[in-house]
Protein chains: 2
Amino acid sequence: MQETQKSPPLIERISVQKSYDLLADQLRDTILAGDIDVGDRLPSERELVEQTGLSRGSVREALRILEVEGLIRSRPGRYGGITVTQPDNSSMARMVGQFVRSRRMPLRVIQEARETIEPALARYAAMHRTDEELAAIIELNEALADPALDRRAFAEMNIRWHNAVAEASRNDLLTALLYAMNHGVVAATSEEVYDSAEIRAAVHAAHARVIEAIAARDGDAARRRMERHVRATRAHTTDLEDSELEIGEPDE
Amino acid sequence: MQETQKSPPLIERISVQKSYDLLADQLRDTILAGDIDVGDRLPSERELVEQTGLSRGSVREALRILEVEGLIRSRPGRYGGITVTQPDNSSMARMVGQFVRSRRMPLRVIQEARETIEPALARYAAMHRTDEELAAIIELNEALADPALDRRAFAEMNIRWHNAVAEASRNDLLTALLYAMNHGVVAATSEEVYDSAEIRAAVHAAHARVIEAIAARDGDAARRRMERHVRATRAHTTDLEDSELEIGEPDE
DNA sequence: GCCTGTCAATGGTATAACATTTAAAATGAC
DNA sequence: GTCATTTTAAATGTTATACCATTGACAGGC
C-alpha cells in the first residue's frame, strides 16, 4: 500500500483539442474582442474552409457552437451568410431554464431567486432612474388599474411594469436574470388562479408605494417595499406546489 | 395612402425548421423529461442516423448543440459514446461571462449583482443550514486566519468560505449565479492588490459576525452583515476601474 | 409602375471513406 | 499466476465531394 500515490504529476494532462473547438474558440475570441461589430458578416462557410484548411463539416460544427452561444446567426440565400449578434435575454433565459429543469430544482429555489433580484432592481432603479423612466413606470401602473382588462391582459401589463422597473435599474445583468426567472422557468404564475378586484387593487397600491420611493430616489425604501410586494405574491403561488415545477416554453 | 394596411394576416408565418434543430429539440425533450438518467448513454451517432434518417453531419450538429448546452458529452473510443450530463456551475458561468463580455457591461454591473446575491445566500444559509455545514463554515474561517498563508492561498481560502456559505443556503440557482460572478466574469479580484495583516483581520472579523448570525439562524442579521462585508470589499476593487473590465478564463 | 422570372451565392443535407481514440480482451514474458 | 504488452473492435473525429433549398437583387415584360 505504499507508493500508491495515484498519479505522479510529471507531465500535465494533455487534452486533445478538437478542430471544431479550436475554430470556435478562435472565432469567439475575435468576436468578443470587438474586432467585428454586431451586424457585420463573418466569412462564409466556404471561405472559412479555405482560410482554416478544415473541412466544411468541422467549420459548421464550430459555427453551431457559436450559434447556441448566441454570438452569431446563420441565414441561407445569397446576401445571407453568418452575421454577428449579441446574446439576448432570452438566450440567457433558455440556459437558466435548462439548468433548473435538468437539476429538478424545487419551485422554492426560483421563488427565492426572484425575491432576491427584484427588490435589488427596485433599489437600483431608485438610484439611477431618469425622469422619463419614472413617467413610464407610473403610466404602466395606471394602465394596470383599468378594470376593462381581462385576466391575461392584466398579467401581461403587470409583467411590463416589472420590466420597466428593471430597465430603469441600469443593470442589464440583473435585468436579464429576472427575465430568466419569469420566462425561462415558470409559466405557472401566468395562470394565476387568483384574480379579483381586491387583489388587483392591492397590486396597484403596492406598485404605487414602490413608485413613491423610486420617485424620491430612496433606494432602501424601494427595495423594502418591492420585497414585501414580491413576497405577498408568493403566498398565492406557493399554495399548491412544493412539487417539482412545470416548465413553459417562452411564448415568444 | 389608402389601403396600405401592411399585411393581411391571411396565413401565418411559416418557419422552416432545420433538421438538426428538430433532432436537438427531440433529444433535449427526452433528456429533460427524465426518460434517461444522468450517466446513461444515448444511441451512438450511427444509430441515430439509422433511427432518424438524417445524415451523420446533421446528427453531429444536433449533438454539438446539446453539448454546448451542457446536456451531453461525447467521448471517442470503444465504450465511449454519448452520455447524458447535468449542466454544472461552470457552464452557467461561461454563459453569463459571454453575456457580460459581449455587451461590454461595466464592472459596476457585476459588482451590483454580487452585492445582491451574496447577502441573500447568507440569509438563506442562516435559515436552512445544518450543524455540519455551520461547522465547516467556521472551520474555513479559522483556516483563513493562519498567518502562514501567502496571498494566493488566502484568496483561495476566502473564496472557499464564501462557497461554503452558498452551499448551506440550499439554493443551487443562486449559488450557481454567485459562482458565475466570481469565475465566469472577473479575474480582477483574485489579483487583489491590497493584502495586509489589517485587511486580513478585518475580513476574518466580518466573516465571524456573519457566522454568528448564521449560527443563531438570524436570517436578517446574516444578510445585513454579509452585505456590509461585500460592500467593504468593493471599496478596494473599484478604485481603479470604471473601465470595461477584463475577463479571465475560469482556471478550472 | 408593378409583377415575374432568372440567377448566383449562401447555408442545409447526404454519402462515403479514412483517422484517431479508447478500454476491454487476448497474448506473452517471467 | 501475475504483470506488462499487444491486439482489436467500436465509437467519435475529420475530410472530401456532390447536390438541394433558400434568398434577395436585378432585369425584362406587360
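Computed from a predicted structure; not experimentally measured. Numbered from 1 within each chain, the chains take letters A, B, ... in sequence-line order.
- The interatomic distance linking B:Glu50 (CD) with C:dA16 (P) rounds to 13 Å, in whole Å.
- Nucleic acid contact class of B:Gly80 (heavy atoms, under 4.0 Å, all strands): none.
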Under the side chain to side chain contact (heavy atoms under 4.5 Å, CB included) rule, what do B:Trp161 and B:Glu156 come out as? Steps first, then yes or no, please. CA-CA 9 Å; B:Trp161 183 82; B:Glu156 193 197 336; over 6 Å; no
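- Heavy atoms of A:Arg56 sit under 4.0 angstrom from at least one base atom.
- For the pair A:Ser74 and C:dG11, the criterion of a side-chain N or O lying under 4.0 Å from OP1 or OP2 is not met.
- In this structure, the CG atom of A:Leu22 is 11 Å from the P atom of D:dT15, given to the nearest Å.
- Between B:Glu67 and B:Arg73, none of the side-chain N atoms (NZ, or NE/NH1/NH2) sits under 4.0 Å from a carboxylate O, so this pair counts as no salt bridge.
- Residue A:Arg103 qualifies as enclosed at atom CZ: its count of foreign heavy atoms under 6.0 Å is above 12.
- Donor-acceptor pairing under 3.5 Å, judged by distance alone, is absent between the side chain of A:Arg78 and the base of C:dG11.
- Rounded to an integer number of Å, the gap from OH of B:Tyr79 to C1' of D:dT8 is 10 Å.
- As a whole-Å value, the separation of A:Arg75 CZ from D:dT23 P is 10 Å.
- For the pair A:Arg56 and A:Leu48, the minimum side-chain heavy-atom distance is 4.5 Å or more.
- Side-chain contact between B:Leu66 and B:Arg28 is present, with heavy atoms from C-beta onward closer than 4.5 Å.
- Each of D:dT15, C:dG12, C:dT10 was ranked by its minimum atom distance to the side chain of A:Ser44; first place goes to C:dT10.
- If you measure from atom CD of A:Gln17 to atom C1' of C:dT20, you get 16 Å, rounded to the nearest angstrom.
- Going from atom CG of B:Leu48 over to atom P of D:dA11 covers 12 Å, rounded to whole Å.
- Nucleotides of DNA chain D nearest to A:Arg46 and B:Pro43 differ in position, and the one nearer the 5' end is that of B:Pro43.
- Taking only side-chain nitrogens and oxygens, A:Ser55 comes nearer than 4.0 Å to OP1 or OP2 of D:dT15.
- Taking atom CZ on B:Arg41 and atom P on D:dA11, their separation rounds to 6 Å, with Å as the unit.
- Side-chain to base pairing of A:Arg73 with C:dG11: no donor and acceptor N or O lie closer than 3.5 Å to each other.
- Side-chain N/O atoms of B:Ser58 include one lying less than 4.0 angstrom from OP1 or OP2 on C:dA14.
- Atom CD in B:Glu47 sits about 11 Å away from atom C1' in D:dA10, given to the nearest Å.
- B:Leu54 comes within 4.0 angstrom of sugar-phosphate atoms only, judged by non-hydrogen atoms across all strands, and of no base.
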